[in-house]
Amino acid sequence: MIDTHAHLDACDGDVAAVLARAREAGVTRVISVGTDVRSCRETLAICEAEEGVHAALGLHPHDAGKSDERDLAELRTLLAHPKAVAVGETGLDHYRDYAPRESQLSLFRAQAELAVELGKALVVHSRAADEATAAVLTGLPDDLPVVLHCFSSAGLLEPALERAWYVSFAGNLTYPKAADLRAAAARVSRDRLLVETDSPYLAPQPVRGQRNEPANVIHTLRALAETRGEEPSDLGRQIEANALEAFGLP
């Protein structure tokens with residue numbers, strides 16, 4: 001099993017112990033995500049120290065107001081690392097609006113272009129910005145792997161289905177009031193499904209209120225399988241195959 005989106009650099013405590021618990025639960029691979037230059041460097045250090053961990057490196061929309069060309073240049077350099085398999089997370093967040101929307105859009109476009117140039121998957125954060133996010137993504141080459149991280153954007157479902165983007169579901173899929181997410185999950189093609197924890201955030205319902213970590217992705221897989229009327233083990237194998245394709249993993 002693979003957790004396709006975790007912030008290992010933000011997990012308090014011993015990352016090695018966190019990963020050991022994941023392996024005990026059957027989660028043998030993790031995509032660890034960097035969100036600014038410092039976070040990306042720390043993420044790569046974890047990747048170098050731990051087997052089964054690869055990196056998605058990006059500049060988060062929350063930091064768009066303070067990111068500049070030097071950060072983009074450093075990101076490009078870091079993405080040359082052999083364990084860097086994706087650009088992101090990047091995107092638009094019009095819910096928090098921690099950065100000017102114009103700055104978010106400029107940074108998002110720059111990283112999307114970088115993903116195209118490098119031939120790496122693009123990991124997308126989108127919140128309350130469906131139309132603007134879709135406008136950027138639909139302008140990208142059809143063969144670029146696009147991953148809609150922590151999917152919760154109803155307005156992006158139709159373009160995702162049309163363009164065969166990967167749709168990744170997190171622990172909020174398991175929440176009692178998340179019927180709309182489960183309805184969306186039932187419509188996504190099996191070969192475009194991913195699951196994630198977004199650790200240390202968004203712990204799934206069985207461990208809600210606790211710090212999340214990669215081992216807990218199994219709860220989201222079970223909820224997803226139940227929603228779709230599939231066996232968890234069979235769906236898990238399909239999702240792992242999807243992740244290997246999306247991120248170009250061996």
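Of the possible polar contacts, one joining the Gln111 side chain to the Leu59 backbone as a donor-acceptor pair under 3.5 Å is found. Looking at Asp130, its side chain does come within 3.5 Å of a backbone N or O of Gly155 through a donor-acceptor pair. Looking only at distances, a side-chain donor or acceptor of Asp36 sits under 3.5 Å from a matching main-chain atom of Ser39. Not a single donor-acceptor pair under 3.5 Å links the side chain of Arg29 to the backbone N or O of Met1. Using modelled atom types, one side-chain atom of Arg163 and one backbone atom of Thr138 make a donor-acceptor pair closer than 3.5 Å. Put simply, the side chain of Arg192 gets close to the backbone of Ala164: a donor and an acceptor are under 3.5 Å apart. In terms of modelled atom types and a separation under 3.5 Å, the side chain of Asp71 and the main chain of Asp68 share a donor-acceptor contact. Not one N or O on the side chain of Asp9 forms a donor-acceptor pair closer than 3.5 Å with the backbone of Glu42. Judged by distance alone, the side chain of Lys83 and the main-chain N or O of Cys47 form a donor-acceptor pair under 3.5 Å.
We find that Asp234 and Arg190 are joined by a salt bridge, their nearest charged nitrogen and carboxylate oxygen being less than 4.0 Å apart. The pair Arg23-Glu50 counts as a salt bridge, with a side-chain nitrogen and a carboxylate oxygen less than 4.0 angstrom apart. By the 4.0 Å N-to-carboxylate-O rule, Arg96 lies too far from Asp93 to be salt-bridged with it. With salt bridges taken as basic N to acidic carboxylate O contacts below 4.0 Å, one links Arg187 and Glu158.
At a threshold of 4.5 Å between non-hydrogen side-chain atoms, the residues Thr43 and Val33 do not count as touching. Side-chain atoms of Thr220 and Thr197, non-hydrogen and from C-beta on, never get closer than 4.5 Å to each other. For the pair Asp63/Leu107, no side-chain contact is recorded, criterion being any heavy-atom separation below 4.5 Å from C-beta on. With contacts defined as side-chain heavy-atom distances shorter than 4.5 Å, the pair Pro159/Trp165 qualifies. Leu75 is listed as a side-chain neighbour of Cys40, based on a closest heavy-atom distance under 4.5 Å. The closest side-chain heavy-atom distance from Leu114 to Leu122 is not below 4.5 Å. Side-chain contact check for Val188 versus Leu157: some heavy-atom pair is nearer than 4.5 Å. Within the 4.5 Å cutoff, the side chain of Val87 has no heavy atoms near those of the Leu57 side chain.
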Leu224 vs Ile239, test: side chain to side chain contact (heavy atoms under 4.5 Å, CB included). Steps then yes/no. CA-CA 11 Å; Leu224 181 60; Ile239 287 173; 3.8 Å; yes
Arg211 vs Tyr201, side chain to side chain contact (heavy atoms under 4.5 Å, CB included): CA-CA, chis, key distance, verdict: CA-CA 7 Å; Arg211 184 191 70 175; Tyr201 320 108; over 6 Å; no
For the pair Val124 and Phe151, evaluate side chain to side chain contact (heavy atoms under 4.5 Å, CB included) and give the outcome as yes or no after the intermediate values. CA-CA 9 Å; Val124 179; Phe151 184 81; over 6 Å; no
Test log, rule side chain to side chain donor-acceptor pair (under 3.5 Å), inputs Ser168 and Glu196: CA-CA 7 Å; Ser168 183; Glu196 62 175 88; 2.7 Å; yes
Could you walk me through whether Val146 and Tyr166 pass the side chain to side chain contact (heavy atoms under 4.5 Å, CB included) check? CA-CA 6 Å; Val146 170; Tyr166 292 93; over 6 Å; no
Taking it one step at a time, do Arg41 and Glu74 satisfy salt bridge (charged side-chain N to carboxylate O under 4.0 Å, His left out)? CA-CA 10 Å; Arg41 289 176 182 148; Glu74 178 67 12; 3.2 Å; yes
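When the shell of 6.0 Å around CD of Glu226 is examined, it contains 12 or fewer heavy atoms from other residues, nucleotides or ligands. More than 12 heavy atoms of other residues, nucleotides or ligands sit less than 6.0 Å from atom CD of Glu48.
If you chain together hydrophobic residues whose side chains sit under 4.5 Å apart, Val27 and Val207 never meet in one group. Clustering ILVMFWY residues whenever any of their side-chain heavy atoms sit less than 4.5 angstrom apart, transitively, puts Leu144 in the very cluster that holds Leu79. Leu72 is connected to Val116 through a chain of hydrophobic side-chain contacts under 4.5 Å among Ile, Leu, Val, Met, Phe, Trp and Tyr, so both are in one cluster. Follow the hydrophobic side-chain contacts under 4.5 Å out from Leu202 and you never reach Leu148; the two are in separate clusters.
The shortest heavy-atom contact between Val30 and Ala6 is CG1-CB, 3.8 Å. Here the closest heavy-atom approach between residue Ser199 and residue Pro214 is recorded as OG-N, 3.4 Å. Summarising the geometry of Val85 relative to Phe247, their closest heavy-atom pair is CB-O, 3.5 Å, with the distance given to 0.1 Å. Heavy-atom minimum distance, Ile218 versus Ala25: CG2-O, 3.9 Å. Considering all non-hydrogen atoms of both residues, Asn172 and Ala178 come closest at O-CB, 3.2 Å. Across Leu156 and Thr133, no two heavy atoms sit closer than the pair CD1-CG2, 4.1 Å.
Atom CD in Glu24 sits 11.5 Å away from atom CG in Leu19 (nearest 0.5 Å). The CD atom of Glu231 sits 14.5 Å away from atom CD of Gln238, with the distance rounded to the nearest 0.5 Å. Atoms CZ and CZ, on Arg182 and Phe169 in that order, are 11.0 Å from each other to the nearest 0.5 Å. Lys66 NZ to Tyr98 OH: the interatomic distance, rounded to the nearest 0.5 Å, is 11.5 Å. Going from atom OH of Tyr95 over to atom OG of Ser152 covers 10.5 Å, rounded to the nearest 0.5 Å. Note that the CG atom of Asn216 and the CG atom of Leu221 stand 12.5 Å from one another [nearest 0.5 Å].
Tested against Leu194 for a side chain to side chain contact (heavy atoms under 4.5 Å, CB included), the candidates Ile2, Asp3, Val147 yield a single pass: Val147.
Note on ring orientation: taking the six-membered ring where Trp is involved, the planes of His5 and His7 are perpendicular (angle over 60°, cut-offs 30° and 60°). His149 and His125 have tilted rings, their planes meeting at an angle from 30° to 60° on a 0 to 90° scale.
Within the structure, every pair that satisfies the side chain to side chain donor-acceptor pair (under 3.5 Å) test and touches residues 99-109, not counting sequence neighbours, is listed here: Asp97-Arg101.
Not counting sequence neighbours, Asp143 has no partner by the salt bridge (Lys or Arg N to Asp or Glu O under 4.0 Å) test.
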